[in-house]
Amino acid sequence: PPLLAALAAAASAAAASAACCDDGRGQRAFQRPALLCESSPPQATPRLQQRPSCVRPPPSSSIAASFEEEDTTGADSAFVLSQQHLLRPSSHNPTPTMVPPPIEGLSGHHLRHRIVTAVIGLPLRGQAYIAKRLQHYLDFFHGAHTELFNVNDYVNRPNGDDELLEALRTHFEQGSKGKQSHAIIYTTNAWSAASSQWSGHSKSRRRWMHNALEAELHAELHLVEIQVNDILEHHLMYIQRHRLSQEDPHYEDHIREYSTRFVTIQEDGTEDDLNYIKVIDYNKKVVTNNMMSTFIGSRIAQFLSSVHPYKRTVYLSRHGESEYNVEKKIGGDSSLSMLGREYAPRLAEFAELVICSGAERFAVVTLGSKEVEGLRARLSKVPKSGQTGGIFASGVWEGDVREGMRLVRMQMGYGTAFEEVPFSLDETLKLANDSPGPLTLIFIEGGLPGVNTDFGDSEMLPQVCARLWTSSLRRTKQTASYIKHPTIRLPGGKVWEQMSHRIYRNLDEVYAGDFEGFTYEDIKRRAPEEASLRKIDKLGYRYPRGESYYDIIARLDLPIQQLETFHEPILIIGHQAVHRLVYAFLTNIDREQATELNIPLHTVIKIEYDGTGALQETRFFLGPTRLDEDDGQRYL
């Protein structure tokens, strides 16, 4: 019968188009069927600015026409570029899905209501920092493109309040990235902005903001009030570090004067119709009202329950070189290579001396037998000014070693444990000359680590409480295996386990699905179409039966929020793709740029930041040096 023959032919065609091919190693390599329009060759496509030209014909019936009127604002950018060819009609799918289901990383594109979030509070409470952090979080994790508006920029203008309202109107109607649905207003100097209606420091001003946004822009107002009750801690950890307190000797008078005008959001029922969140002592207490009914409101409440403006330090390190790095393969759960196993104890020394003991500089140098012979001329018992006791670098050294840095650890031959340096220079040189292989030395500057000093028992040296995270994969856990976990007694009888090892699957490397264990040359040879799709859309491309960068972003959301709560320094041992995103978020880099960042092996990246706007990055290369810098992860 013709119908059965047609079905059989269709099944054969479908089986052929989805066929697997033997990769020559007894494995099956997946090939996707070509789903491009017949008139559209499979080539790289420019970034999508509007709907594809190859679209569904307009429906003729009135019922079908009514479906066209459904609100699809933002739908043209609510899917990833590597899906574009799937949205075009083809011979086997003449009426395709025009907009795929939303994904978490692009959920902000589906907002239907205009929302303005106003961050208010007494001066020097971190309003600007929290506003900027919130804006970056919503954009980075949810694609909710948000513009910041500083009230202080409009204060000294004759019609400043009206100009800010018009700026918001322009943002919503003619945003640089299309129609926008969210804006944040804040102050960088609350006492200078007190004359503005947008300062929100009284009930009448908050009511004016609510009414103006509703009547003029059809927008909702979300209020975020920052309250600080622990004034002493806040003064020491934030106010003294802020430029306003350093530039204005009368800042305390300004705060007292402003506090006489400021009226906190009332909880007596008179402002219950407003949407607001009170953040009290930052992530210690949060009160919400009408915030959880919108996407933006719920995300604001969730994120602001974690963030604080106090100084914190994050150390990022990839695992040591793995066996797959040597073979330039991606994915998998391989063990460390020989060089990777050498990196692990170096990282452990870095953790003890820098992260936990406060050393400011750290340098590792490996010497051959000829260099060891001339070591006496490069070491000295004479410290530079401000130091006492120990052995110090003298003269010119290669790498990061500087004259006057203290020698604290030495390793005789690869694969052996690091030892503390003897107090005697002669004994140190004897051990160095007896080394059966290359001699590795560790120098530091600052801090008080080491026992061979005039500072007394090392058990009494000050320790900084610190944290340790790794992924669940073998290579990160092996890299962390040498890190020590001593117990520290804290005031009040509390006990802290130093660098307590926490393992998170959310930190695992991007899962390459069918391409796990392949090199990128393998992928380009076996699946050139997949390689082309990923090249044009690295952020959104999902490996067959694997993950995309958007998938990583989704699983990093909660760990990043937990990271925002910490005050202690933390070392995160992870992977190339994951650390690209973590690094980009911490340093305020757009996620579109994150996929090309370089996170090198055998290097620790130290990131220090706080609510004053200060951000400092330092990189420590620990070695050992790899002969081939290509680890196969560049295109990951």
Side-chain angles (χ1 to χ4, degrees), residues 116-135 147-165 167-168 183-213 221-267 271 274 276-282 287 304 307-311 610-614:
V116 175
T117 299
V119 184
I120 65 174
L122 291 178
L124 292 173
R125 295 300 186 263
Q127 292 96 320
Y129 172 78
I130 287 177
K132 294 174 182 178
R133 205 75 181 146
L134 177 61
Q135 182 265 348
E147 189 169 342
L148 295 166
F149 295 85
N150 185 356
V151 177
N152 291 91
D153 293 339
Y154 299 85
V155 167
N156 296 322
R157 303 179 185 181
N159 300 306
D161 289 344
D162 293 337
E163 290 184 33
L164 179 49
L165 182 63
L168 289 168
I184 298 177
I185 62 176
Y186 67 101
T187 60
T188 49
N189 189 330
W191 62 73
S192 295
S195 61
S196 173
Q197 292 281 14
W198 297 99
S199 65
H201 70 264
S202 66
K203 288 178 65 176
S204 62
R205 280 171 165 75
R206 293 191 288 270
R207 185 60 59 183
W208 178 91
M209 293 165 64
H210 173 271
N211 294 340
L213 291 172
L221 173 65
H222 286 177
L223 291 163
V224 175
E225 181 182 337
I226 311 299
Q227 292 185 7
V228 177
N229 296 327
D230 193 343
I231 301 300
L232 178 60
E233 179 187 39
H234 184 67
H235 192 273
L236 294 174
M237 298 179 64
Y238 179 75
I239 293 180
Q240 286 186 347
R241 299 170 56 85
H242 202 283
R243 64 172 183 82
L244 288 179
S245 65
Q246 298 170 3
E247 295 173 357
D248 189 344
H250 305 292
Y251 74 91
E252 291 181 336
D253 296 331
H254 293 314
I255 294 176
R256 279 192 293 268
E257 180 183 353
Y258 191 90
S259 64
T260 62
R261 304 185 191 180
F262 185 82
V263 179
T264 184
I265 297 175
Q266 299 298 291
E267 298 181 40
E271 294 187 283
L274 299 180
Y276 67 79
I277 174 173
K278 287 186 177 183
V279 180
I280 303 169
D281 289 331
Y282 303 107
V287 177
L304 293 187
V307 71
H308 67 81
Y310 303 136
K311 182 180 178 181
D610 62 22
T612 67

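Only a predicted model underlies this, so the values are computations on that prediction, with no experimental measurement involved.
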Nearest heavy-atom pair of [X] and [Y]: which atoms, and what distance?
| X | Y | answer |
| --- | --- | --- |
| Ala190 | Tyr258 | O-CE1, 3.3 Å |
| Ser195 | Arg205 | O-NH2, 3.6 Å |
| Lys278 | Gln227 | CD-NE2, 3.6 Å |
| Tyr276 | Gln266 | OH-O, 4.0 Å |
| Gly126 | Tyr282 | N-OH, 4.3 Å |
| Arg206 | Val263 | NH1-O, 2.8 Å |

Dump the intermediate steps for side chain to side chain contact (heavy atoms under 4.5 Å, CB included) on Leu274 and Arg207, then the final yes or no. CA-CA 9 Å; Leu274 299 180; Arg207 185 60 59 183; 3.9 Å; yes
From [atom1] ([X]) to [atom2] ([Y]), nearest 0.5 Å:
| X | Y | atom1 | atom2 | value |
| --- | --- | --- | --- | --- |
| Thr187 | Trp198 | OG1 | CH2 | 14.0 Å |
| Ile239 | Leu244 | CD1 | CG | 10.5 Å |
| Glu257 | Glu252 | CD | CD | 14.0 Å |
| Ser196 | Asp161 | OG | CG | 4.0 Å |
| Leu124 | Thr612 | CG | OG1 | 11.0 Å |
| Ile280 | Asp230 | CD1 | CG | 13.5 Å |

Would you say the ring centroid of His242 lies under 6.0 angstrom from that of Tyr238? yes
For residues [X] and [Y], determine if any side-chain heavy atom of one lies less than 4.5 Å from a side-chain heavy atom of the other.
| X | Y | answer |
| --- | --- | --- |
| Val287 | Ile265 | no |
| Val151 | Tyr186 | no |
| Glu271 | His210 | no |
| Tyr129 | Val307 | yes |
| Met209 | Gln197 | no |

More than 12 heavy atoms from other groups under 6.0 Å of [atom1] on [X]:
| X | atom1 | answer |
| --- | --- | --- |
| Arg157 | CZ | yes |
| Lys203 | NZ | yes |
| Asn229 | CG | yes |

Take the angle between the ring planes of His254 and Trp191 and call it parallel below 30°, perpendicular above 60°, tilted in between. parallel
May I ask you to check whether Asn152 and Ser192 show a side-chain donor-acceptor distance below 3.5 Å? no
Run the numbers on Val119 and Ile185 for side chain to side chain contact (heavy atoms under 4.5 Å, CB included), then give the verdict. CA-CA 6 Å; Val119 184; Ile185 62 176; over 6 Å; no
Is the side chain of Gln246 donor-acceptor paired with the backbone N or O of Gln240 at a distance under 3.5 Å, no angle test? yes
Would the distance check show the side chain of Gln127 and the main-chain N or O of Leu122 forming a donor-acceptor pair, the cut-off being under 3.5 Å? yes
Report the C-alpha distance between Leu168 and Leu213 in whole Å, list the side-chain angles of each, state the deciding distance to 0.1 Å, and finish with yes or no for side chain to side chain contact (heavy atoms under 4.5 Å, CB included). CA-CA 9 Å; Leu168 289 168; Leu213 291 172; 4.0 Å; yes
